[in-house]
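Worksheet: one structure, shown below.
Residue indices begin at 1 and follow the sequence shown.
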Amino acid sequence: MGTDPAPGGRTMGSFQLEDFAAGWIGGAASVIVGYPLDTVKTRLQAGVGYENALSCIRTVYRKESVFGFFKGMSFPLASIAVYNSVVFGVFSNTQRFLSRHQGRKPEAGPPLSDLLLASIVAGVVSVGLGTPVDLIKIRLQMQTQPFLETNLSLKPRTVALGERPAYQGPVHCIATIVRTEGLAGLYRGASAMLLRDVPGYCLYFIPYVFLSDWITPEACVDPSLCAVWLAGGMAGAISWGTATPMDVVKSRLQADGVYLNKYKGVLDCITQSYQKDGLKVFFRGITVNAVRGFPMSAAMFLGYELSLRAFRGDHTVTNP
């Protein structure tokens with residue numbers, strides 16, 4: 001994740017067409033690789049009737065076949081190009097701005113303070129784009145959760161409840177949320193996502209920088225693809241594993257509203273979840289998160305780097 005510009009003066013943060021294309025390819029690879037486990041994670045965190053990850057996998061497969069693991073994937077797959085381009089671009093540009101502002105040479109490695117600030121900025125910006133994407137994804141993943149298995153003591157929303165899914169697809173889901181909850185409804189869970197993503201990106205980008213530098217021999221200017229894969233995967237596992245408690249809260253807030261409105265906000269969700277299920281509820285899905293974090297992140301970095309190399313016809317590895 002150095003600050004050196006890429007060949008031709010184009011970097012991850014310059015938002016060239018090839019950056020968008022590489023971001024889409026890397027992001028698409030990460031979504032496809034990690035989405036089945038993401039569905040399992042969401043069901044474990046916000047659903048009912050699942051004892052553990054294996055039980056959830058068996059239940060989803062038995063009731064919905066293999067396609068059940070890919071419900072709601074089209075929307076994040078289509079929107080991942082912009083999301084990844086902005087997140088990686090903001091991180092890269094912020095880091096580069098800090099380096100130039102402080103008068104450091106481009107070839108000098110960024111200090112921890114720069115990495116920390118750039119990660120925080122990227123995390124804050126990501127919420128604006130990521131909240132609606134995650135909301136639609138989770139609503140589509142959770143709409144097959146049987147209504148009769150939910151807490152019927154709660155007052156249901158004024159919608160037609162029955163055996164039919166609440167949403168017919170991403171577009172219908174967006175239209176329904178805007179109609180019933182307003183535009184603000186698309187940002188339900190934004191506070192929880194902010195509390196998840198700011199530290200989450202710090203524990204994503206910073207470990208990647210140090211791990212890739214540590215793995216790469218001193219004689220090499222750029223990390224090898226093997227180093228990119230390993231450092232990216234480990235960074236993803238660390239980030240997602242530590243983000244699990246707030247990820248649980250975010251998932252519950254965003255899943256809330258398919259049929260019922262149960263939580264009033266972040267604190268209310270934390271309180272109700274703790275009172276009902278104890279402290280362990282905030283670590284529900286941590287194993288799935290950590291396990292899926294490795295291949296997802298490794299695929300993201302590899303897809304991005306390989307795409308840039310193909311587009312630019314060079315054989316260097318451009319770090320974010």
Side-chain angles (χ1 to χ4, degrees), residues 27 30-31 33-48 50 52-53 56-57 69 71-73 75-76 80 83-84 87 119-120 122-142 145 187-207 233-258 262-263 265-274 276-297 300:
S30 71
V31 170
V33 168
Y35 202 84
L37 283 178
D38 183 71
T39 297
V40 174
K41 182 267 299 182
T42 301
R43 298 286 182 92
L44 281 172
Q45 291 178 343
V48 295
Y50 307 115
N52 50 49
C56 182
I57 292 172
F69 296 102
K71 286 186 182 296
M73 190 179 76
F75 186 71
I80 207 70
Y83 179 79
N84 279 287
V87 169
S119 300
I120 291 173
V124 171
V125 172
S126 73
V127 173
L129 290 172
T131 302
V133 174
D134 262 19
L135 178 71
I136 304 306
K137 173 181 70 68
I138 287 176
R139 290 287 178 91
L140 291 173
Q141 286 173 327
M142 290 301 299
Q145 182 72 32
Y187 284 88
R188 184 173 180 82
S191 298
M193 191 167 183
L194 185 67
L195 293 173
R196 183 198 73 173
D197 281 4
V198 169
Y201 275 115
C202 290
L203 293 172
Y204 181 72
F205 285 117
I206 294 175
M234 292 179 68
I238 292 170
S239 177
W240 275 108
T242 54
T244 297
M246 195 50 61
D247 189 48
V248 171
V249 176
K250 182 199 73 70
S251 294
R252 291 190 163 209
L253 281 171
Q254 293 187 322
D256 187 40
V258 177
K262 183 178 180 181
Y263 306 116
V266 173
L267 290 178
D268 184 52
C269 180
I270 292 173
T271 301
Q272 288 196 45
S273 298
Y274 177 76
K276 182 179 180 180
D277 300 308
L279 189 62
K280 64 181 181 180
V281 71
F282 299 109
F283 297 93
R284 188 174 291 176
I286 188 171
T287 302
V288 176
N289 255 348
V291 169
R292 81 182 181 95
F294 190 101
M296 279 185 65
S297 184
M300 174 66 224

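Considering all non-hydrogen atoms of both residues, A53 and V288 come closest at CB-CG2, 3.7 Å. Heavy-atom minimum distance, M73 versus Y35: N-OH, 3.3 Å. In plain terms, the two heavy atoms of C56 and R43 that are nearest each other are SG-CB, 3.6 Å. Heavy-atom minimum distance, D247 versus R196: OD1-NH1, 2.8 Å. Summarising the geometry of D197 relative to S126, their closest heavy-atom pair is OD2-OG, 3.4 Å, with the distance given to 0.1 Å. The two atoms that bring I120 and C202 nearest to each other are CG1-SG, 3.8 Å, heavy atoms only.
Rounded to the nearest 0.5 Å, atoms CD1 (I270) and CZ (F282) are 6.0 Å apart. For the atom pair CG of L37 and CG of N289, the computed distance is 9.5 Å after rounding to the nearest 0.5 Å. Taking CG of L267 as the start and CD of Q272 as the end, the distance is 11.5 Å to the nearest 0.5 Å. Residue M296 holds its CE atom at 4.5 Å from OG of S30, rounded to the nearest 0.5 Å. Atom CD1 in I286 sits 12.5 Å away from atom CG in L44 (nearest 0.5 Å).
Remark: the backbone N or O of I138 is not paired with any side-chain donor or acceptor of T42 at under 3.5 angstrom. Although no hydrogens or angles enter the test, the distance criterion places a donor-acceptor pair under 3.5 Å between the side chain of T244 and the main chain of G241. T39 places a side-chain N or O within 3.5 Å of a backbone atom of F69 that can act as its donor or acceptor partner. No donor-acceptor pair closer than 3.5 Å links the side chain of T131 to the backbone N or O of G128. Between the side chain of R188 and the backbone N or O of L253 there is at least one donor-acceptor pair closer than 3.5 Å.
Between the side chains of Q254 and K250, at least one donor N or O lies within less than 3.5 Å of an accepting N or O.
By the 4.0 Å N-to-carboxylate-O rule, K262 lies too far from D256 to be salt-bridged with it. Between D134 and K41 there is no salt bridge, since none of the side-chain N atoms of the basic residue sits less than 4.0 Å from a carboxylate O of the acidic one.
Side-chain contact between W240 and Y204 is absent, with no heavy-atom pair separated by less than 4.5 Å. Side-chain atoms of S273 and Y263, non-hydrogen and from C-beta on, do get closer than 4.5 Å to each other. Contact check for L279 versus Y274: side-chain heavy atoms found under the 4.5 Å cut-off. In this structure the side chain of T242 never reaches within 4.5 angstrom of the side chain of P199, judged on heavy atoms. Looking at M246 and V249, their side chains come closer than 4.5 Å, going by heavy atoms from C-beta outward.
Taking the six-membered ring where tryptophan is involved, the planes of F205 and Y201 are essentially parallel, since the angle between them stays under 30° and well short of 60°.
The stretch residues 237-246 participates, sequence neighbours left out, in no salt bridge (charged side-chain N to carboxylate O under 4.0 Å, His left out) pair at all.
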